[in-house]
Every structure is written in C-alpha cells, then in structure tokens.
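In what follows, chains carry the letters A, B, and so on, assigned in the order in which the sequence lines appear, proteins first and then strands, with residues in each chain numbered from 1.
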Protein chains: 2
Amino acid sequence: METRIQALRKENKVTQNELADAVDVTRQTIISLERGRYKASLVLAHKIAQYFGLAIEDIFVFDQEDENI
Amino acid sequence: METRIQALRKENKVTQNELADAVDVTRQTIISLERGRYKASLVLAHKIAQYFGLAIEDIFVFDQEDENI
DNA sequence: TTATTATGTCAAGTGTCTTTTACATTTATT
DNA sequence: AATAAATGTAAAAGACACTTGACATAATAA
C-alpha cells in the first residue's frame with residue numbers, strides 16, 4: 001500500500017506536526033505512515049482523508065501486495 | 001463506527017463464510033466486525049468494499065465517537 | 001425429527017498500530 | 001555562523017486486529 005500523505009501535505013504546505021495535531025495522533029505516527037513502516041487504522045485513515053477533503057481510496061493506494069492483511 | 005456489512009451481506013445473499021473466504025480472513029473476523037467487537041484494518045476494509053463494489057466510506061460509517069483512534 | 005447450514009460465544013496467542021521519550025540530522029531563518 | 005523549525009531514527013510498552021480451535025444455538029432442509 002502506498003500513501004499520498006506526504007505529497008498532499010506538501011501540496012497544502014502542512015507540517016507533520018500540524019497534520020498530527022489535526023487528526024489527533026503523535027508526529028511519530030505520521031512519520032511512520034509516510035515512511036511506510038505500518039498502515040493506518042481505518043479511523044485514522046478516515047480522519048486524514050477528511051482533513052484533506054478526499055476519500056480514503058484517494059490517499060491510500062492499495063496494490064497487489066495487499067492480499068495479506 | 002457502524003458498519004453495513006451485515007446488511008450488504010443479506011441484500012446480496014452472501015454467508016459469513018463466503019465473505020470471509022472472499023476477503024481472506026476467518027469467519028470469526030467477519031462476526032467480530034458485524035457485532036462491533038473491533039474495527040477492520042484499512043486493508044480489510046478495502047477488500048470488503050471491493051467485494052461489494054463500494055467505497056470504504058459507503059460501508060463503514062464514521063461517527064462522533066471516532067474522535068479516538 | 002434428524003441432519004445440515006448459518007450464526008454465535010469464549011479464550012489464548014501472535015502480530016501490528018500507536019504512544020512516549022530521547023536524541024540526530026536536515027533545512028530555513030536571522 | 002548560529003538558532004530554530006522540520007524531519008528523521010530507535011526502542012519499549014500498551015492496545016487492538018486477526019487467527020485458531022472448540023463448542024453452542026438457530027434456522028433450514030431432508
């Protein structure tokens with residue numbers, strides 16, 4: 001799974017701290033998502049999507065390797 | 001968070017086993033999601049949405065209580 | 001009524017998401 | 001060049017998603 005979080009953040013000139021605060025997680029969580037260390041929970045994905053005014057699928061791009069949970 | 005999984009399953013006359021097999025989890029997982037014991041992971045939510053030909057937000061309905069992760 | 005199918009509970013175990021804390025590096029500003 | 005802001009790493013701990021296995025009940029069919 002790929003995410004467009006970092007790209008969207010830069011397009012909108014938002015820092016990791018600002019996004020983290022907005023969706024109520026720590027900055028570490030944002031870093032980990034952007035660096036692909038792990039995948040967001042459903043609720044967090046929803047909050048991030050809401051923050052950017054997009055649908056979850058517009059930000060989190062699923063690929064073949066997501067056959068595994 | 002509420003889910004429309006059970007409703008969609010019945011509309012489409014799909015059993016828990018069939019859905020579980022289709023999205024590659026155990027039946028217990030489907031039961032737990034339907035009964036609200038826990039929330040799906042992002043990838044599982046995506047697979048279920050794909051299975052029903054809908055967007056994640058059409059199946060998983062987020063509410064105020066989802067302020068917490 | 002008996003057998004089968006579908007749905008449900010419970011509990012223990014594994015792995016992953018998220019937090020916290022502390023520190024390092026890069027980029028921008030002055 | 002020095003300071004601050006933004007981004008990064010690492011590791012431990014807690015919470016939650018998912019599995020497995022065993023068994024119980026409800027609904028449907030033979």
Under 4.0 angstrom between [X] side-chain N/O and [N] OP1 or OP2:
| X | N | result |
| --- | --- | --- |
| B:R35 | C:dT9 | yes |
| B:T29 | D:dA17 | no |
| B:Q16 | C:dG8 | yes |

**Message:** Distance check needed: D:dC16 P versus A:L44 CG, whole Å only.
**Reply:** 15 Å

**Prompt:** What is the distance, rounded to the nearest whole Å, between atom NZ of B:K10 and atom P of C:dA6?
**Reply:**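 About 13 Å, once rounded to whole Å.
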
Could you list the protein-to-nucleotides 26-30 of chain C atom pairs, N/O on both sides, closer than 3.5 Å?
none

**Request:** Between B:I31 and A:R37, just flag the one whose closest nucleotide in DNA chain C comes earlier from the 5' side.
**Result:**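 Of the two residues, B:I31 wins.
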
**Contacts of type side chain to side chain donor-acceptor pair (under 3.5 Å), residue B:E34, not counting sequence neighbours** = B:R9, B:Q16

**Results of side chain to side chain donor-acceptor pair (under 3.5 Å) for A:T26 - residues two or more places apart only** = A:T29

**Request:** Report which part of the nucleic acid B:T26 touches: base, sugar-phosphate, or nothing (heavy-atom distance under 4.0 Å, all strands).
**Result:** base

**Request:** Compute the angle between the rotation axes at the two ends of the helix from C:dT1-D:dA30 to C:dT30-D:dA1, each taken over five pairs, rounded to 10 degrees.
**Result:**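 Axis-to-axis angle, ends of the helix: 40°.
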
**Asked** Side chain of B:E34, base of C:dT7: donor and acceptor closer than 3.5 Å?
**Response**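 Per atom types, no contact qualifies.
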
Name every donor-acceptor pair, under 3.5 Å, that has one atom in a side chain of residues 50-59 of chain A and the other anywhere in the protein, sequence neighbours excluded.
from	atom 1	to	atom 2	distance (Å)
A:E57	OE2	B:I56	N	3.0
A:D58	OD2	A:A55	N	3.3

**Item:** Side-chain heavy-atom pair A:E18, A:R27 within 4.5 angstrom cut-off
**Value:** no

**Asked** Can you name the residues that form a side-chain contact (heavy atoms from CB on, under 4.5 Å) with A:D21, not counting sequence neighbours?
**Response**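 A:D21: no side-chain contact (heavy atoms from CB on, under 4.5 Å) contacts found.
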
**Prompt:** What is the per-nucleotide protein-contact pattern of nucleotides 24-30 of chain D, from the 5' end, where B denotes a base atom under 4.0 Å from a protein heavy atom, S denotes such proximity for sugar-phosphate atoms only, and - denotes neither?
**Reply:** -------

